Trainee: 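Provided herewith is a single structure, encoded as structure tokens, for subsequent inquiry.
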Amino acid sequence: MNRTLWTIAIFGFISVMSLVIAFLLVFKSFGESPYSSGAKVAVAVRDEFHLDAAASAILHEAQKTVLVVQYQTHADSKFNLAAQNQEMQGVAVFAAGKLEPAERRKVDEVRVRRTEIHGSGCMQRSYVTDLAIPNPLRNADPLGLPPK
């Protein structure tokens, strides 16, 4: 009986250690992938602006590179387009600021899609607003110094 318990314990320990090593390798490779910066930007935007959900990606189009940020909110803007544009502009500047300096210089345009959700359950309605602006921080110095 004692030998059986030790065998189970050893195999259990080896299994747990192999799972930990596999997770470390997966997380390390994700951190080095080109998609990791998009995930970091989305999490930062969601947390900073207290949004329901956020997503971001860098798209390489034929003529330019675009940072796309999409988010959902239940905040009621009362259909005030000026307030929505101001919020989306703030999100665009914040998202561009969260990119790595090398990536920030490559991004030509920031596109923001805001989805405002009203109601709950099967009675939900969503209203979508889009904004595209040139990257405001493309030539910004990473140390915050003004351009020459």
Side-chain angles (χ1 to χ4, degrees), residues 9-148:
I10 289 172
F11 279 126
F13 179 75
I14 291 172
S15 299
V16 168
M17 291 306 294
S18 62
L19 282 173
V20 167
I21 291 170
F23 281 133
L24 289 176
L25 291 175
V26 167
F27 289 138
K28 182 180 179 197
S29 64
F30 177 73
E32 296 169 354
S33 76
Y35 303 108
S36 67
S37 64
K40 291 175 188 173
V41 169
V43 169
V45 166
R46 187 195 67 209
D47 292 344
E48 178 71 19
F49 293 93
H50 308 290
L51 304 171
D52 297 337
S56 69
I58 296 177
L59 302 178
H60 302 284
E61 295 181 348
Q63 301 296 325
K64 58 187 168 186
T65 303
V66 179
L67 171 65
V68 178
V69 179
Q70 299 178 351
Y71 66 93
Q72 293 179 353
T73 182
H74 278 86
D76 189 4
S77 66
K78 310 266 192 263
F79 304 105
N80 184 347
L81 194 57
Q84 292 175 8
N85 285 340
Q86 183 179 7
E87 177 184 289
M88 290 189 297
Q89 187 130 15
V91 168
V93 171
F94 181 80
K98 286 298 178 182
L99 289 173
E100 297 293 326
E103 287 180 332
R104 187 181 311 142
R105 285 190 286 276
K106 294 177 186 175
V107 172
D108 299 311
E109 183 179 296
V110 180
R111 291 183 192 154
V112 179
R113 173 168 277 194
R114 178 184 193 273
T115 304
E116 184 175 315
I117 300 173
H118 294 269
S120 63
C122 62
M123 302 302 282
Q124 281 187 351
R125 289 207 167 165
S126 60
Y127 302 95
V128 178
T129 309
D130 294 316
L131 178 72
I133 62 171
N135 183 1
L137 303 177
R138 183 171 186 186
N139 297 322
D141 187 29
L143 300 177
L145 301 174
K148 295 179 182 178

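Keep in mind the model is a prediction, meaning the values are calculated, not measured.
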Trainee: Could you tell me which non-hydrogen atom of Val45 sits nearest to which non-hydrogen atom of Ala95, and how far apart they are?
Mentor: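 Residues Val45 and Ala95, closest heavy atoms: CG2-CB, 4.0 Å.
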
Trainee: Donor-acceptor pair, distance only, cut-off 3.5 Å: does the side chain of Thr73 make one with the backbone of Leu51?
Mentor: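 No, the answer is negative, given that no donor and acceptor are paired below the 3.5 Å cut-off.
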
Trainee: Using atom types as modelled and distance alone, determine if a side-chain donor or acceptor of Gln84 lies under 3.5 Å from a backbone N or O of Thr129.
Mentor: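 Answer holds: no.
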
Trainee: Are the side chains of Glu103 and Lys98 in touch, meaning some heavy atoms are under 4.5 Å apart?
Mentor: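 Result no, sub-4.5 Å side-chain heavy-atom pair not found.
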
Trainee: Return the minimal non-hydrogen interatomic distance between Leu137 and Ala96, and the atom names on each side.
Mentor: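 Closest approach of Leu137 to Ala96, heavy atoms only: CD1-C, 3.8 Å.
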
Trainee: Heavy atoms only: give me the nearest Arg46-Asp52 pair and the separation to one decimal.
Mentor: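 Closest pair (atom of Arg46, atom of Asp52, distance): CD-O, 4.3 Å.
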
Trainee: Could you point out which residue of Thr65, Val68, Val66 forms a side chain to side chain contact (heavy atoms under 4.5 Å, CB included) with Ile58?
Mentor: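 Testing Ile58 for a side chain to side chain contact (heavy atoms under 4.5 Å, CB included) against Thr65, Val68, Val66 leaves exactly one candidate, Thr65.
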
Trainee: Would you say the side-chain atoms of Glu87 and Tyr71 include a donor-acceptor pair closer than 3.5 Å?
Mentor: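 On atom types as modelled, these side chains qualify, holding a pair under 3.5 Å.
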
Trainee: Does Arg104 use its side chain to pair, donor to acceptor, with the backbone of Leu99 at less than 3.5 Å?
Mentor: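 Yes, Arg104 side chain to Leu99 backbone: donor-acceptor pair under 3.5 Å.
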
Trainee: Determine the minimum heavy-atom distance between Ala42 and Ser56, stating which atoms define it.
Mentor: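 Reported closest heavy-atom pair: N-OG, 3.5 Å.
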
Trainee: Could you grab the distance from atom CD of Gln63 to atom CD of Glu109, nearest 0.5 Å is fine?
Mentor: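 If we round to the nearest 0.5 Å, Gln63:CD and Glu109:CD are 12.5 Å apart.
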
Trainee: Before giving the answer on side-chain contact (heavy atoms from CB on, under 4.5 Å), spell out for His74 and Gln124 the whole-Å C-alpha distance, their side-chain angles and the decisive distance to 0.1 Å.
Mentor: CA-CA 10 Å; His74 278 86; Gln124 281 187 351; 4.3 Å; yes

Trainee: To the closest 0.5 Å, what do you measure between CD (Gln89) and CD1 (Ile133)?
Mentor: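 Result: 4.5 Å between the selected atoms.
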
Trainee: Looking at Glu61 and Arg111, is there a salt bridge between them, counting it only when a charged N and a carboxylate O are closer than 4.0 Å?
Mentor: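 So Arg111 pairs with Glu61 through a salt bridge.
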
Trainee: Step by step, work out the side-chain contact (heavy atoms from CB on, under 4.5 Å) result for Thr115 and Gln70.
Mentor: CA-CA 8 Å; Thr115 304; Gln70 299 178 351; over 6 Å; no

Trainee: Roughly how far apart are Met88 CE and Arg114 CZ, rounded to 0.5 Å?
Mentor: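 So the gap between those two atoms works out to 7.0 Å.
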
Trainee: State the CG-CG distance between Asp108 and Leu67, to the nearest 0.5 angstrom.
Mentor: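 Output value for this atom pair is 11.0 Å.
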
Trainee: Kindly check if the number of other-residue, nucleotide or ligand heavy atoms within 6.0 Å of CD (Gln86) is above 12?
Mentor: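 Check fails, neighbour count at 12 or below.
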
Trainee: Using a 6.0 Å cut-off, check whether atom CZ of Phe79 has over 12 heavy atoms from anything other than its own residue.
Mentor: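 Counting other residues, nucleotides and ligands, CZ of Phe79 exceeds 12 neighbours.
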
Trainee: With a 4.5 Å cut-off on side-chain heavy atoms, are Asn85 and Leu131 touching?
Mentor: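 Side chain of Leu131 against side chain of Asn85, heavy atoms only: contact under 4.5 Å found.
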
